[in-house]
Amino acid sequence: MYGVLKISMEKQKELYSGKAKSVYTTDDAQKYILLFRNDTSAFDGKKVEQLDRKGMVNNKFNAFIMEKLEQAGIETHFEKLLSDNETLVKKLDMMPIECVVRNITAGSICRRLGVEEGLDMEPPTFEFFLKNDELGDPMINEYHIKSFGWAEAEHVERMKVLTFQVNTVLKDLFLESGMLLVDHKLEFGLYEGRVILGDEFTPDGCRLWDKETRKKLDKDRFRQGLGDVVESYEEVGRRLGIHFDA
Ligand code: ADP
Ligand code: UDP
């Protein structure tokens, strides 16, 4: 109706549907809405399942972590929680690159280099991957990024610095609650010319182990068919002090 002030942010057009989230335009050309779905995928989309409550749990988990990062002075795309499954974010010009930092060996580094799982990495190791589902996200280096123009040299430097900063902040946060941050993946985008974090941070995109028992509390429970996937994500959240129910 003419003259009515619109106070709520509504989803408009679905721009993109990823493996676990969908991205929508909004009334504001500078903002997107991320919808966290229950879909869970692994092995380049070869294993896909719907896990009850996962969208809600990851949405709230992500909001909690983004606020911690902002408090630590790390700029992110997060604006605010809109509902159980929706978050408002700044629209970024994403770079097609995944930044992975590893504090302890697990996953692909063990397969690639033949090292056993669970070795401390001091200093933590950093790897770039190209975000390309058809190619299975191959590992790349800084020269590939610069030579193919996937990102500018100064942005590459900034992504590395920010990834290590996030790692330092979150490693401590999880350790205080009895968990080890084994590794994690981050993606970045440009906003008003600045490189800022444009990704979720949830147990879908990192590895977390109980400090004492080394029990896996992250998406490896899904990848390896260990069960209690969402229950473990909630357990991590509860230890951090996140309340999932309204
Ligand atoms: P994937 O692309 O790995 O399947 P998701 O299911 O998480 O990932 O889908 C989210 C998609 O939304 C990704 O392609 C990501 O680059 C994009 N995206 C996330 N946040 C933003 C943002 N703030 N601005 C623009 N694009 C974003
Ligand atoms: N990761 C992710 N999305 C990807 C690839 C990796 O979130 O497309 C995360 C993964 O959950 C882990 C870290 O990045 O926390 C390192 O993943 P790795 O290279 O070991 O690959 P994986 O064996 O997990 O496929």
Side-chain angles (χ1 to χ4, degrees), residues 14-26 28-48 54-55 58-59 62 66 75-80 85-113 115 117 121 124-140 163 166-167 170 174 180-192 194-209 216-224 229 233:
E14 185 181 82
L15 269 189
Y16 176 80
S17 187
K19 292 187 284 291
K21 298 195 296 295
S22 303
V23 183
Y24 293 84
T25 57
T26 67
D28 182 338
Q30 302 309 315
K31 304 269 170 29
Y32 282 160
I33 289 175
L34 297 184
L35 174 72
F36 285 72
R37 308 193 313 268
N38 288 342
D39 301 87
T40 311
S41 82
F43 311 123
D44 295 324
K46 286 186 204 75
K47 176 171 177 173
V48 184
K54 201 199 70 157
N58 273 2
N59 188 35
N62 176 61
M66 292 297 130
E75 200 178 359
T76 81
H77 64 162
F78 180 80
E79 289 272 304
K80 62 174 176 175
N85 293 74
E86 296 165 311
T87 283
L88 187 69
V89 295
K90 295 184 186 77
K91 171 185 169 179
L92 306 186
D93 184 9
M94 297 299 295
M95 289 178 272
I97 292 160
E98 300 186 341
C99 299
V100 169
V101 67
R102 300 178 189 273
N103 300 305
I104 299 175
T105 54
S108 72
I109 197 170
C110 297
R111 299 192 294 274
R112 243 180 303 119
L113 303 183
V115 293
E117 183 180 88
M121 305 205 73
T125 283
F126 184 97
E127 297 167 340
F128 285 116
F129 294 87
L130 179 66
K131 200 169 154 65
N132 184 321
D133 284 339
E134 278 139 55
L135 299 179
D137 295 347
M139 192 162 91
I140 53 175
T163 301
V166 169
N167 188 50
L170 296 185
F174 287 113
L180 298 171
L181 179 59
V182 172
D183 59 31
H184 59 92
K185 181 269 302 177
L186 298 176
E187 294 170 34
F188 295 89
L190 296 174
Y191 184 75
E192 296 173 346
R194 300 190 302 282
V195 176
I196 73 170
L197 179 60
D199 207 356
E200 67 175 67
F201 193 101
T202 69
D204 268 358
C206 70
R207 289 192 168 90
L208 290 164
W209 295 349
K216 296 177 189 231
L217 300 168
D218 54 74
K219 198 160 101 175
D220 270 348
R221 300 203 69 79
F222 175 73
R223 293 189 188 96
Q224 299 174 6
V229 180
Y233 290 18

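Values in this document were obtained by computation on a predicted structure and should not be read as measured data. Scope of the values below: all heavy atoms of this structure, side chains included, with no hydrogens, waters or symmetry mates. Remember, it's 1-based here, ligands and their atoms both numbered in the order they're listed. All residue numbers in this chain count up from 1 along the given sequence.
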Distance filter under 4.0 Å to D204 heavy atoms, resulting ligand 2 atoms: 7 (O), 11 (O)
Residue pair R207, E117: steps toward the salt bridge (Lys or Arg N to Asp or Glu O under 4.0 Å) verdict: CA-CA 12 Å; R207 289 192 168 90; E117 183 180 88; 5.9 Å; no
Identity and distance of the protein heavy atom lying nearest atom 17 (C) of ligand 1: V23 CG2, 4.1 Å
Whether K91 side chain and Y191 backbone form a donor-acceptor pair below 3.5 Å: no
Between CD on residue E200 and CD on residue E187, distance to nearest 0.5 Å: 9.0 Å
Protein contact to atom 7 (O) of ligand 1 [nearest heavy atom, distance to 0.1 Å]: K21 NZ, 2.5 Å
Nearest-neighbour protein heavy atom for atom 24 (N) of ligand 1, which is reported as residue plus atom name and distance: L92 N, 3.0 Å
Close side-chain approach of K47 and R223, heavy atoms under 4.5 Å: no
Atom 11 (O) of ligand 2 - nearest protein heavy atom and its distance: R223 NH2, 2.8 Å
Donor-acceptor pair between N59 and T87 side chains, under 3.5 angstrom: yes
Residue pair L197 / F188, side-chain heavy-atom distance below 4.5 Å: yes
Atoms of ligand 1, numbered as shown, that sit under 4.0 Å from any heavy atom of K90: 22 (C), 23 (N), 24 (N)
Spacing of D218 atom CG and K216 atom NZ [to the nearest 0.5 Å]: 7.5 Å
Considering all heavy atoms, the nearest S22-Y24 contact: CB-CE1, 3.7 Å
Atoms of ligand 1, numbered as shown, that sit under 4.0 Å from any heavy atom of G198: 19 (C), 20 (N)
Atom 26 (N) of ligand 1 - nearest protein heavy atom and its distance: M94 CG, 3.5 Å
Those atoms of ligand 1 less than 4.0 Å from some heavy atom in Y32: 24 (N), 25 (C)
Ligand 2 contacted by R111 (non-hydrogen, < 4.0 Å): yes
Ring centres under 6.0 angstrom apart (F201, H184): yes
Atoms in ligand 1 with a heavy atom of A20 nearer than 4.0 Å: 6 (O)
Spacing of CD1 belonging to I104 relative to CD1 belonging to I109, to within rounding of 0.5 Å: 12.5 Å
Distance (rounded to the nearest 0.5 Å) between M139 CE and F128 CZ: 11.5 Å
Selection from E187, R102, R207 by shortest heavy-atom distance to atom 22 (P) of ligand 2: R207
Euclidean distance, D44 CG relative to D137 CG, rounded to 0.5 Å: 6.5 Å
Where ligand 2 meets C206 - atom numbers and elements under 4.0 angstrom, heavy-atom basis: 11 (O), 15 (O)
For atom 3 (N) of ligand 2, closest protein heavy-atom neighbour: K185 CE, 3.4 Å
Closest approach of any protein heavy atom to atom 18 (P) of ligand 2, naming residue and atom: S108 OG, 3.3 Å
Contacting atoms of ligand 2, where contact means under 4.0 angstrom from a heavy atom of D137: 8 (O)
Polar atom proximity, D183 to ligand 2 (N or O, under 3.5 Å): yes
From D39, D133, D204, residue fulfilling salt bridge (charged side-chain N to carboxylate O under 4.0 Å, His left out) relative to K19: D133
Shortest protein heavy-atom distance from atom 4 (O) of ligand 1, along with the residue and atom involved: K19 N, 2.7 Å
Taking atom 1 (P) of ligand 1 as the reference point, the nearest protein heavy atom with its distance: K131 NZ, 3.5 Å
N103 CG to F174 CZ distance, which is reported to the nearest 0.5 Å: 11.5 Å
Side chain, backbone, both or neither: V89 near ligand 1, heavy atoms under 4.0 Å: side chain
Close-contact set for ligand 2 against G107 heavy atoms, below 4.0 Å: 20 (O), 23 (O)
Closest approach of any protein heavy atom to atom 13 (C) of ligand 1, naming residue and atom: Y16 CE2, 3.8 Å
Best match, E200, K19, E98: closest heavy atom to atom 4 (C) of ligand 2: E98
Least distance between heavy atoms, L130 atom then P96 atom: CD1-O, 3.5 Å
Contact partition for E127 relative to ligand 2, non-hydrogen atoms under 4.0 Å: neither
Nearest-option assignment for atom 16 (O) of ligand 1, heavy atoms, candidates E187, E98, E200: E187
Residue H77 vicinity, atoms of ligand 1 by number, heavy atom under 4.0 Å: 20 (N), 21 (C), 22 (C), 23 (N)
